[in-house]
Amino acid sequence: MDRPARDPGLQPERTRMAWRRTTLAGAVVGVLAGRQAVVEGPRPLAVLAVALAGLVWLALLAVGQRRIRALAAPRPPALSPRAAVAAAGCAALLSVLGVGMLR
């Protein structure tokens, strides 16, 4: 059975923008974690949290950029379960790190 033609509307553009907003939010968490670590002094736990936030953000950025590139195809493949779990895990971990830096 043939798949229907891709919706030529704005849905792919909205999806690209959503990925960009998500990666931008991750960058903000990393910057705020870094700021918090500088303000409170270079404690080992704060430095570890900043480094972890940076690594998680890079992973989220990689997943997001890969998906953005895939959306340029006339018939983009569905998001793989592995990529979906990776993106959700990165977003959840960045949320936890963000909340943890507030304490």
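Note that the coordinates shown come from a computational prediction; the quantities given were computed from them, not determined experimentally. Position 1 is the first residue of the sequence, and the numbers go up from there.
To the nearest 0.5 Å, the span separating CZ on R66 from CG on L71 amounts to 12.5 Å. Between R67 atom CZ and Q65 atom CD the span is 13.0 Å, to the nearest 0.5 Å. Atoms CZ and CD1, from R16 and I68 in turn, are 8.0 Å apart once rounded to the nearest 0.5 Å. Note: L93 CG to L55 CG = 10.0 Å, rounded to the nearest 0.5 Å.
Residues passing the side-chain contact (heavy atoms from CB on, under 4.5 Å) test with A87, sequence neighbours excluded: W19, L60, V63.
Between R21 and L24 the shortest side-chain heavy-atom distance does not fall below 4.5 Å.
In the hydrophobic clustering of ILVMFWY residues, with side-chain heavy atoms under 4.5 Å counting as a link, W57 and L32 come out apart.
Here the shortest heavy-atom pairing between P76 and A70 reads CB-O, 3.2 Å.
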